[in-house]
Amino acid sequence: MINQMMTVVQKRTIAKDTVEMVLQGSTISFVEPGQFVHIRIGTGFSHMLRRPISIANVDGQEQTITVIFKVIGQGTEELQNVSIGSSLDVLLGCGTSYPVQGLELRRALLIGGGIGVPPLYYLAKELRKKGVQVTSILGFQSKENVFYEEEFKNLGACHIVTDDGSYGWHGNVNTVIDSEQIPFDYFFSCGPLGMLRAVSTKLIGQPGYISIEERMGCGIGACYACVVPAKDGKGFRKICKDGPVFPAGEVVL
Ligand code: FES
């Protein structure tokens, strides 16, 4: 993990309350899929804590990372309002990553929900570089929340599903898993706890990795807001330090 000042070089709204921001720094190419950045927002006491934000892409040539976040409160509102050209204090390379290099696989199934979708895009790109066939299932609340459909379609088959049926499949990610019976060697999932629980139950016994991003506080192992019990009964795991990526079945969701 390293700390550096990064410049905001691009910013746009890509779906309802969802912002994509490109940050340029000096050393970014070590950042792996699944890791997150920890961005300091403001200087007042109420914002002393940094915000953990998902990484959707890393461009080693441009020395940029693309982050995507949902505007859900004062901190993320403030981040949304940061001007292009401003500097942000960023901790890079936080948490564990999806073990792309260490796995032997030909077919990957990526299952994302809402703001859990961005890390899967960087993962999908890295998997494609290895020649892995990628199929994605991306769940959103509604049509207005959908983002990155084209980006994922450029990397392989992509199924969009919405809770209210206003776009794509009607239902949740398990609706598509049940119906399509997509063959895969490993699955990789990121999203809200309820979705991860449902996916893990559905795909129990299958090799895969999940990433939990929902319950983070300080993001650096200091506040214990993010602990989850280990499934083997041997203590707890901190999502921000031992995760956010865990082998499927390692923690109680
Ligand atoms: Fe504070 Fe993990 S978020 S210990």
Side-chain angles (χ1 to χ4, degrees), residues 1-6 17-19 21 23 25 28 30-56 58 65-80 82 88-99 112-123 188-197 199-200 208-253:
M1 191 197 305
I2 64 166
N3 188 198
Q4 65 179 276
M5 297 305 291
M6 302 190 76
D17 299 330
T18 310
V19 177
M21 191 177 264
L23 306 173
I28 58 102
F30 70 95
V31 177
E32 294 178 358
Q35 292 187 310
F36 61 94
V37 289
H38 211 207
I39 303 180
R40 187 181 183 92
I41 304 167
T43 52
F45 182 74
S46 60
H47 300 310
M48 286 301 279
L49 296 181
R50 293 167 180 268
R51 292 292 186 281
I53 306 282
S54 297
I55 299 171
V58 171
I65 58 166
T66 302
V67 296
I68 293 178
F69 57 92
K70 202 154 180 113
V71 181
I72 49 169
Q74 199 182 345
T76 42
E77 244 170 58
E78 216 168 292
L79 183 58
Q80 170 187 234
V82 170
L88 289 172
D89 180 332
V90 181
L91 283 178
L92 271 170
C94 304
T96 56
S97 59
Y98 294 106
I115 208 62
V117 167
L120 297 182
Y121 181 62
Y122 182 26
L123 173 67
F188 302 88
S189 191
C190 186
L193 273 179
M195 188 206 87
L196 293 176
R197 217 174 273 133
V199 167
S200 300
Y209 291 84
I210 58 146
S211 178
I212 312 171
E213 301 204 322
E214 203 176 65
R215 274 201 214 154
M216 272 198 219
C218 72
I220 52 167
C223 74
Y224 288 82
C226 67
V227 293
V228 283
K231 255 213 175 124
D232 60 8
K234 292 182 184 155
F236 291 84
R237 303 281 187 275
K238 287 180 184 171
I239 292 172
C240 65
K241 282 192 83 174
D242 305 317
V245 177
F246 295 97
E250 184 170 310
V251 295
V252 179
L253 294 169

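When a ligand or atom number is given, it counts from 1 through the structure's own listing order.
- Distance check for Cys240 against atom 1 (Fe) of ligand 1: none of its N/O/S atoms falls below 2.8 Å.
- Residue contact check: Tyr224 has heavy atoms under 4.0 Å from atoms 1 (Fe), 4 (S) of ligand 1.
- The atoms of ligand 1 that sit less than 4.0 Å from any heavy atom of Gly219 are 1 (Fe), 3 (S).
- To the nearest 0.5 Å, atoms CZ (Arg50) and CG (Leu79) are separated by 12.5 Å.
- Atom 2 (Fe) of ligand 1 has Cys226 among its coordinating residues (N/O/S atom, backbone or side chain, under 2.8 Å).
- Inter-residue side-chain proximity for Ile68 and Ile53 is flagged as unmet; no heavy-atom pair is nearer than 4.5 Å.
- Two residues are said to be in side-chain contact when any heavy atoms from C-beta on lie closer than 4.5 Å; Ile28 and Leu92 meet this criterion.
- The distance between the ring centers of Tyr98 and Phe188 falls below 6.0 angstrom.
- Between Val252 and Val228, every side-chain heavy-atom pair lies at or beyond the 4.5 Å cut-off.
- Residue contacts with ligand 1 for Ala222 involve N, CA, C or O but no side-chain atom from C-beta outward (heavy atoms, distance under 4.0 Å).
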